[in-house]
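A short write-up of the structure that comes next.
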Protein chains: 2
Amino acid sequence: MKCPYCGYLKDKVLDSREREDGMTIRRRRMCLKCKRRFTTYEEIELKPLIVVKKDGRREKFNRDKLRIGIQKACEKRPISTDKINEIVENIEKELRQKYENEVKSKEIGKHVIKELKKLDKVAYIRFASVYQEFENIEQFLKEIEKIGGKNV
Amino acid sequence: MKCPYCGYLKDKVLDSREREDGMTIRRRRMCLKCKRRFTTYEEIELKPLIVVKKDGRREKFNRDKLRIGIQKACEKRPISTDKINEIVENIEKELRQKYENEVKSKEIGKHVIKELKKLDKVAYIRFASVYQEFENIEQFLKEIEKIGGKNV
DNA sequence: TTCTAAAATACAATATATTGTTTTTTGAAG
DNA sequence: CTTCAAAAAACAATATATTGTATTTTAGAA
């Protein structure tokens, strides 16, 4: 850390205490050049995940919206609510790990596709048809071919 | 550090890098329970800036409060989180330069107004309506005239 | 001045972070 | 589909931070 008094770049920690709530670590440091002391705080990055939509507008990530999209794709399929929640949780986890601040809605789509492909081919095709904006039957067929034809 | 995902209190540091300018240390941590990863930042404590509110009460300047006010004004506007953070940072810097110890909350409002005016007219009007306590539609219209009418 | 609570300091035994380098993964572009 | 550059992860050798307890100083109130 750069000493706020003399600007020297090396220092050492004299004391370090975590707050009870685990939200902050306070450190007392000493500049190795001028010996003066200063305090630092370490905090968890607290940013909401922002979703950037196709038209460029931004909004806060909303777990429920994600769930609804997946639920629609799974309608009448033998997939439990728990399973869907698990997927939602996984996707949110991955997104938060992967993107610091912002994620394009398209990226979210990719993650959903990836999960549904593993889970249920019908749900997968339904979701892809919305997400990739299928405009004719051929596109459906092409996609079905890709995952191994009608015998799935 | 308390895991922001599962709340567990123990974690370990996976990576730690100091920024070139020596102002920040970024750490990548992993929760020892859920294994998820998160980022923390350590920064030097600044001398607290005191905000004097309308009723005369004083409190420490709080960057997050400022950010929230601006974020509200920018909701659903095409403005990135990065841009908002940049503005918050600039305003804080200016305030600390301009005012030694204390600053009236009204002064902070003026700074925000100034920045939003440059950035986004809708956000600007929203913020002004709260800050200047608009009480009727006429005041909105008057303000909109001032910035160039409805063709903005 | 005296009292009190909070902040700062000190100390010592133990555990963990740091940092340069390499490898892998990722997202965007061709 | 392939390629490229950037970000993240992995690794390993070394140095430094953490944490419990005790003591001292400071700032504000009485």
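Proteins come first, then strands; the chains are lettered A, B, ... in the order of their sequence lines, and each starts at number 1. Reckoned from all heavy atoms, side chains included, excluding hydrogens, waters and symmetry mates.
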For A/R17 and B/D11, take the nucleotide of DNA chain C holding the closest heavy atom to each; which residue's nucleotide lies nearer the 5' end?
A/R17
Between CG of B/L14 and C1' of C/dT18 the distance, given in whole Å, is 13 Å
Is the backbone of A/M1 close enough, under 3.5 Å, to the side chain of A/D11 for a donor and an acceptor to pair up by distance?
yes
Which of A/R19, A/R27, A/R29 passes salt bridge (Lys or Arg N to Asp or Glu O under 4.0 Å) with A/E42? Answer is A/R27
Any side-chain heavy-atom pair from B/I44 and A/Y41 closer than 4.5 angstrom?
no
Whole angstrom is fine here: how far is it from CD in A/E42 over to C1' in C/dA17?
11 Å
Return the nearest nucleotide to the side chain of B/R37; candidates are C/dA17, D/dA17, D/dA9.
D/dA9
The reported gap from CD in B/E115 to OH in B/Y124 (rounded to nearest 0.5 angstrom) is 13.0 Å
Whole-Å gap separating P (D/dT19) and CG (B/L9)
12 Å
Can you tell me how far apart CE (A/M23) and CD (A/E43) are? Round to the nearest 0.5 Å.
8.0 Å
On the nucleotide C/dA17, are OP1 or OP2 found under 4.0 Å from the side-chain N or O atoms that B/R26 carries?
no
Roughly, in whole Å, what's the span from CZ in A/R29 to C1' in C/dA10?
19 Å
With a cut-off of less than 4.0 Å, is there a side-chain N or O of B/R27 near OP1 or OP2 of C/dA17?
no
Provide, to the nearest angstrom, the distance between the NZ atom belonging to A/K12 and the C1' atom belonging to D/dT18.
13 Å
Contacts under 3.5 Å, N or O only, protein and nucleotides 28-30 of chain C:
from   : atom 1 : to     : atom 2 : distance (Å)
C/dA28 : OP1    : A/K104 : NZ     : 3.1

Roughly, in whole Å, what's the span from CD1 in B/I25 to C1' in D/dT16?
12 Å
Taking atom C1' of C/dT21 as reference, at what distance in whole Å does atom CG of B/D15 sit?
12 Å
Closest-nucleotide mapping onto DNA chain C: is B/S16 or A/T39 further toward the 5' terminus? I mean the 5' end.
A/T39
Can you name the closest pair of heavy atoms from B/A73 and B/F127 and give their distance?
CB-CB, 4.0 Å
Rounded to the Å, how far apart are A/R28 CZ and D/dT18 P?
15 Å
So, does A/K35 use its side chain to make a donor-acceptor pair with the main chain of A/C31 at under 3.5 Å?
no
